[in-house]
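One structure is given here, and the rest of the page talks about it.
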Number of protein chains: 2
Amino acid sequence: MGRNKKFDTVETIGQIQQVFIQKGYNATSLDDLVQATGLLRGSLYSTFGSKEGMFIAALSDSLEKESEESWHLILIAMTELTNQSKRVFEIINQWYHHQSYQTVTEKLGQIVLKESGITEVK
Amino acid sequence: MGRNKKFDTVETIGQIQQVFIQKGYNATSLDDLVQATGLLRGSLYSTFGSKEGMFIAALSDSLEKESEESWHLILIAMTELTNQSKRVFEIINQWYHHQSYQTVTEKLGQIVLKESGITEVK
DNA sequence: AATATTTTTGACTTTTTAGTCAAAAAAAGA
DNA sequence: TCTTTTTTTGACTAAAAAGTCAAAAATATT
């Protein structure tokens, strides 16, 4: 009973993913997320609890789908969150169990270089 | 003429490197750097100009020596600075010219995984 | 229609951030 | 020793950050 959410949570998570992928975690401000989602801070906080919660929602959703953009969020998680957030560590750790060291390191290395904007000679 | 610096700039750069390596760029605050170097903000700013300047000093110094810790700073540069700082982009871009795609992506991938704290099975 | 419950709203608070600056202190050079 | 130049000091500023909350609005349920 009571009001239903005015927005589509799935769509919002998609928008949050795009922001984190483009800017990384620490460099993303709540204003960035407010702007990208079209929601107000209160709505974001009542839905996700915290900035970390927003990232976790974005990451979890992405891992379920296992798309190319998952790798970007995994990289951000590993470089910016895994050592600060127990929950993110758990999520990534569990995901990693189903991967091979070779595949993961190779893919992450490629993404770092690509995202850096450094010209790939090859 | 005039006073000489009370501290050893080379030593200070070493301390700055350690902080950035441990926390990354955005997650490092000036207070962290003040604490690690034992200097005051004014001294850091008069020497390096800005937080970005402090990172550039740390990165440049590290690239000259080409040690294992260089890779950590290169990773941070690529994931957090290359798209925001023209100077860092130039430094990394030039460095990259003397490397091979294979070596770079492989090494970066390994470091991401190691730094993430995720258990390496292998 | 009345009520209970939820979401929305956005201004507000608190904390942290990078960066500044004028005065004091130190010391190099004459 | 005196002057000039530099560094040190640390309180201060301004901007940006994440997060809060009470009132208003909306609506599902009875």
Does any N or O donor sit under 3.5 Å from an N or O acceptor when you compare the side chain of B/Arg3 with the base of D/dT6? no
To the nearest angstrom, how far is A/Leu30 atom CG from C/dT15 atom P? 18 Å
Side chains of A/Phe20 and A/Leu59: does their closest heavy-atom pair fall under 4.5 Å? no
Can you tell me if the side-chain N/O atoms of B/Lys6 get under 4.0 Å from OP1 or OP2 in D/dT6? no
Report which part of the nucleic acid B/Phe48 touches: base, sugar-phosphate, or nothing (heavy-atom distance under 4.0 Å, all strands). nothing
Quick check: on DNA chain D, is the nucleotide nearest A/Tyr25 upstream (toward 5') of the one nearest B/Gly38, or the reverse? Name the residue that is more 5'. B/Gly38
Looking only at C/dT17, D/dT20, D/dT8, the nucleotide nearest the B/Lys5 side chain is D/dT8
For atom CG of B/Asp31 and atom P of D/dG10, their distance in whole Å: 14 Å
Once you round it to whole Å, what is the distance between P of D/dA18 and CG of A/Leu39? 16 Å
On a heavy-atom basis, the closest approach of A/Asp8 and A/Val10 is OD1-N, 3.0 Å
Could you check which of C/dA18, D/dT20, D/dT8 has an atom nearest any side-chain atom of A/Tyr45? D/dT20
Side chain of B/Asn4 (C-beta onward), nearest among C/dT8, C/dT9, C/dA28: C/dA28
Rounded to the nearest angstrom, tell me the gap between atom CG in B/Leu40 and atom P in D/dG10. 6 Å
Determine the contact category for B/Ser29: base if any of its heavy atoms lies under 4.0 Å from a base atom, sugar-phosphate if only primed atoms, P, OP1 or OP2 are that close, otherwise nothing. sugar-phosphate
May I ask you to check if A/Lys51 and A/Tyr25 form a cation-pi contact, with NZ or CZ under 6.0 angstrom from the six-membered ring centre and within 45° of the axis? yes
B/Gly42 or A/Ser46, whichever maps to the more 5' nucleotide of DNA chain C: A/Ser46
Separation of A/Leu44 atom CG from C/dT9 atom P, in whole Å? 11 Å
Is any side-chain heavy atom of B/Gln84 less than 4.5 Å from a side-chain heavy atom of B/Phe89? no
Contact class for A/Thr47 (heavy atom, under 4.0 Å): base, sugar-phosphate, or nothing? nothing
Among C/dT8, D/dG19, D/dT8, find the nucleotide with the atom closest to the side chain of A/Ser50. D/dG19
Tell me: CZ of A/Phe20 to C1' of D/dA18, nearest whole Å? 12 Å
Look at B/Glu68 together with B/Lys107 and state whether they make a salt bridge at an N to O cut-off of under 4.0 Å. yes
note: B/Arg41, atom CZ; C/dT16, atom P; distance rounded to Å ~ 13 Å
B/Ile16 CD1 to C/dA18 C1': how many Å, rounded? 15 Å
